Asker: 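Please see the structure below; I have some questions.
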Amino acid sequence: MASKSKNKGVSPSRQEDFPAWFQAVVREGEVAELAHVRGSMVIRPWGYAIWELMQAELDRQIKRSGASNAYFPLFIPLSYIESEAEHVEGFAKEMAVVTHHRLEEDPENPGHLRPGGKLAEPLIVRPTSETIIGRSFAKWINSYRDLPLMVNQWANVVRWEMRPRVLLRTTEFLWQEGHTAFATESEARANAEQMLEVYRDFAESFLAMPVLTGEKPEEERFPGAVVTLSIEAMMQDGKALQAGTSHYLGQSFAEAAEINFLDREGERSLVHTASWGVSTRLLGALIMSHSDDIGLRLPPTVAPQQVVIVPIPRGEEGPAVLEAAEELAREIGGLSFEGIPIRVSADLRDREPPDKRWEWTRKGVPLVLELGPRDLKEGVVALRQRDIGDAKPESLERDKLGSAIPSLLAEIQASYHDAAEDRLEARTRLDVSGPDEFREFFDTDPSDASAGGFLRAPWSEAPESAQLLDEMKVTVRCLPFDQKLAPDSRCVLTGKPAVTEAVFAKAY
RNA sequence: CGGGGAGUGGCGCAGUCUGGUAGCGCACUCGGCUGGGGGCCGAGCGGUCGCAGGUUCAAAUCCUGUCUCCCCGACCA
């Protein structure tokens, strides 16, 4: 296709239409696609491989924190959910409800089936598992000696969203949910804080995605939580994306499920619980953080293939080139990055070399090596580095690959991280003093991906600011942990005395 | 749930107003020519036009009903 060769990369560009660009990168990068079931997605092998790499690392961190993996039911009896009032209220509008357990011939519509066998009590498909895990906790916890109890599950959950968006907000998604129970409030709070720190570090060092940490304001809290903490990342269009959360749940879930224990004094007490999770949304965050107008860009840590060798088997030397490509893959596979053998393959498929190279470029592979007869003769390979975009390949001597490849991967990892960090800093405004400036900062052309960002300012938490924020479609992302509130500060929105420093942004 | 839009080969679309028995691009297959930045030429495979009913000599096209998906709003990891 002639237009294809001129028009490099995905269409539209980030500048033209950021949401459409995101969809295009996800599609062209073979990460995921919407299924023909409303709001549901198929995570394709390439995207799932990225998720598996995230999972593997997080799973290690979670286990290091003391939690163990377990699995709890997909179906939750309606009565369990009902037992925690705020929780019901928060999730009631997005529940998938199972009311029947059988299909039968529909007498009014021959050849079709209809639900039969009405359930005595409807089951809801878990939107999260606090209530059902609570029942198990109640059984398992009898004494202070049974505490703390920390479990984690990798599972799918369902929230019947009104407006699905692939990878960011789908009806069904995959996640990890940790649930913990402690004898004391301070331990439970500390656990929520500790796990948020795990997420922060994971996002920053593994996903090359620096994040803000803080506490959610009351209106953004998880239904039923006393405290919700989150990590917030900034996407390339300046919007915020909540990339992970942890909650101190107080004793309300313990009360609902009757999770109590005999303490050292022989007194019966309720446990304090916490929960924490990250989801496949991280895939979306990763893409919106690092990808460019050519397509996906993956930090080496989460690249299913870190190096791909594309042979250019021209003429009589063809077979020798293919052989050399395989040999090169073996050689590079013997190297390691961050203590793990480098994930490398030689792409020997029967396709045109430029097609293959573009495919790997689009899919975000950090390093693509091209090997043709000329290189073979000269003892070099042509190297393309994904972080520097669409540049000409660099010729690299073969015997220097051993030292070059790991350090190039490290360089790419760092460059993605630094770019994301620079963006976060450059687009966080600290000097906005009143509502007019505030409005101006957020009143940007939605097609302008370089406008807007985070705004950090004193806040009064006054109810009338909620309405202003609502109008502007701006939310309080968090009350950052590193509070820098000067004494006698005034609220940026209302001019009333400020009680906290807040980070404001438009959000996904 | 309210307001818009759309269902036609694997994907993206035209054709519908003005009925005449289905077409284009990409992908795929085969052959040839090519060959270090998304190849070229030629020949092919592939669709009961979302579903049901109706009007008509004749329906992708008109009518009725129905299902689904997409976009915008209220909700959210």
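Chain letters run A, B, ... following the sequence lines, proteins first and then strands; every chain starts at 1. On a predicted model such as this, the values are computed, not experimentally measured, just so you know. Because only heavy atoms are used, hydrogens play no part in the values below, and waters and symmetry mates are left out as well, while side chains stay in.
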Asker: When rounded to the nearest Å, what value does the distance between C1' atoms of B:C70 and B:U34 take?
Answerer: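 After rounding to an integer number of Å, I get 42 Å for this pair.
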Asker: In terms of side-chain heavy atoms, does A:Ser129 have a donor or acceptor partner in A:Glu177 at a distance below 3.5 Å?
Answerer: yes
Asker: If the C1' atom of B:U56 is compared with that of B:G10, how far apart are they to the nearest Å?
Answerer: 35 Å
Asker: Can you check the A:Gln242 CD to B:C76 P distance for me, whole Å?
Answerer: 11 Å
Asker: Please report the distance, rounded to the nearest Å, between CG in A:Leu241 and P in B:A77.
Answerer: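 Computing the A:Leu241:CG to B:A77:P distance gives 11 Å.
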Asker: Judged by each residue's nearest nucleotide on RNA chain B, which is more toward the 5′ side, A:Ala243 or A:Pro373?
Answerer: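 Checking each residue's closest nucleotide, the 5'-ward one belongs to A:Pro373.
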Asker: Are A:Glu370 and A:Arg357 close enough for a salt bridge, meaning some N to O gap below 4.0 Å?
Answerer: yes
Asker: Closest to the A:Ser279 side chain: B:A77, B:G37, B:G36?
Answerer: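 Out of B:A77, B:G37, B:G36, the nucleotide with an atom closest to A:Ser279's side chain is B:A77.
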Asker: Please check if any side-chain donor atom of A:Thr170 sits under 3.5 Å from a side-chain acceptor atom of A:Glu161, or the reverse.
Answerer: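 Not at all, the side chains of A:Thr170 and A:Glu161 share no donor-acceptor pair under 3.5 Å.
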Asker: Identify all stems in which RNA chain B takes part, counting only runs of at least 3 consecutive pairs (Watson-Crick or G-U wobble, each distance under 3.5 Å), and give each as one range with another, ordered by first number.
Answerer: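 So far as stems of 3 or more pairs are concerned, RNA chain B shows B:1-7 with B:67-73, B:10-13 with B:23-26, B:28-33 with B:39-44, B:50-54 with B:62-66.
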Asker: Need one value for A:Leu168: base, sugar-phosphate or nothing, where a base atom within 4.0 Å counts as base even if backbone is also close, heavy atoms only.
Answerer: base
Asker: Considering only B:G37, B:G35, B:G36, which nucleotide approaches the side chain of A:Arg357 most closely?
Answerer: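 Shortest atom-to-atom distance from the side chain points to B:G37.
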Asker: Across the strands shown, which category fits A:Thr170 at heavy-atom distances under 4.0 angstrom: base, sugar-phosphate, nothing?
Answerer: base
Asker: Rounded off to whole Å, could you give me the NE2-to-P distance for the A:His247 and B:C76 pair?
Answerer: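 Checked: the NE2 to P distance equals 13 Å.
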Asker: Roughly, in whole Å, what's the span from CZ in A:Arg477 to P in B:C76?
Answerer: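 To the nearest whole Å, that distance equals 11 Å.
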Asker: Nearest whole Å is fine: how far is B:G37 C1' from A:Trp360 CH2?
Answerer: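 After rounding, the gap between these two atoms is 18 Å.
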Asker: Using a cut-off of 4.0 Å on non-hydrogen atoms, how would the nucleic acid contact of A:Tyr508 be classed: base, sugar-phosphate, or nothing?
Answerer: nothing
Asker: Taking protein heavy atoms under 4.0 Å as touching, what does nucleotides 70-75 of chain B look like 5' to 3' if B marks base contact, S marks sugar-phosphate-only contact and - marks none?
Answerer: S-SBBB
Asker: Grab the two heavy atoms, one from A:Phe504 and one from A:Phe442, that are nearest each other, plus how far apart they are.
Answerer: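 Minimum heavy-atom separation between A:Phe504 and A:Phe442: O-CZ, 3.5 Å.
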Asker: Testing A:Leu296, A:Val31, A:Asp292 for side chain to side chain contact (heavy atoms under 4.5 Å, CB included) with A:Val25, which one passes?
Answerer: A:Leu296
Asker: Are A:Glu89 and A:His87 linked by a side-chain donor-acceptor pair shorter than 3.5 Å?
Answerer: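 No, no side-chain donor-acceptor contact under 3.5 Å.
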Asker: Below 3.5 Å, does any donor atom in the side chain of A:Arg351 face an acceptor in the base of B:G39, or the other way round?
Answerer: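 No pair found.
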Asker: Taking the same atom, P, in B:A43 and in B:G23, what whole-Å distance lies between them?
Answerer: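 The answer is 16 Å between these two P atoms.
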Asker: Judged by atom type as modelled, is there a donor-acceptor pair below 3.5 Å linking the side chain of A:Gln236 to the main-chain atoms of A:Ser291?
Answerer: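 Answer holds: yes.
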Asker: Please verify the inter-ring angle class for A:Phe206 with A:Phe202; under 30° counts as parallel, over 60° as perpendicular, anything in between as tilted.
Answerer: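 If you compare the ring of A:Phe206 with that of A:Phe202, the planes turn out parallel.
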Asker: Give the rounded distance in Å between these two atoms: CG of A:Asp350 and P of B:C28.
Answerer: 11 Å
Asker: Using the P atom as the reference point in each nucleotide, state the distance between B:A14 and B:G5 in Å, no decimals.
Answerer: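 It comes out at 15 Å once rounded to the nearest Å.
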Asker: Starting at CG of A:Asp293 and ending at P of B:G38, how long is that distance when rounded to a whole Å?
Answerer: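 Distance check: A:Asp293 CG to B:G38 P gives 20 Å.
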Asker: Any idea how A:Trp51 and A:Trp154 line up, ring-wise: parallel (<30°), tilted (30 to 60°), or perpendicular (>60°)?
Answerer: perpendicular
Asker: Using the C1' atom as the reference point in each nucleotide, state the distance between B:C67 and B:U21 in Å, no decimals.
Answerer: 26 Å
Asker: On a whole-Å scale, what distance lies between the P atoms belonging to B:U55 and B:C69?
Answerer: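 My reading of the P atoms in B:U55 and B:C69 gives 32 Å.
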Asker: Quantified in whole Å, what is the P atom distance between nucleotide B:C11 and nucleotide B:G37?
Answerer: 33 Å
Asker: Going through the distances and angles, do A:Leu424 and A:Phe454 end up as a side-chain contact (heavy atoms from CB on, under 4.5 Å)?
Answerer: CA-CA 8 Å; A:Leu424 181 60; A:Phe454 289 4; 3.8 Å; yes
Asker: Find which nucleotide of RNA chain B each of A:Trp175 and A:Glu370 is nearest to by heavy atoms, and output the residue with the more 5' nucleotide.
Answerer: A:Glu370
Asker: Dump the intermediate steps for ring pair (Phe, Tyr, Trp, His ring centres under 6.0 Å) on A:Trp175 and A:Trp276, then the final yes or no.
Answerer: CA-CA 10 Å; A:Trp175 75 349; A:Trp276 26 271; over 10 Å; no
Asker: Side chain of A:Glu352 only, heavy atoms from C-beta on: which candidate in B:G39, B:A77, B:G36 is closest?
Answerer: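 Closest of the options to the side chain of A:Glu352: B:G39.
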Asker: If I pick the C1' atom on B:A52 and the same atom on B:U18, what distance separates them, to the nearest angstrom?
Answerer: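 The answer is 27 Å between these two C1' atoms.
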Asker: To the nearest Å, how far apart are A:Glu28 CD and B:C26 C1'?
Answerer: 12 Å
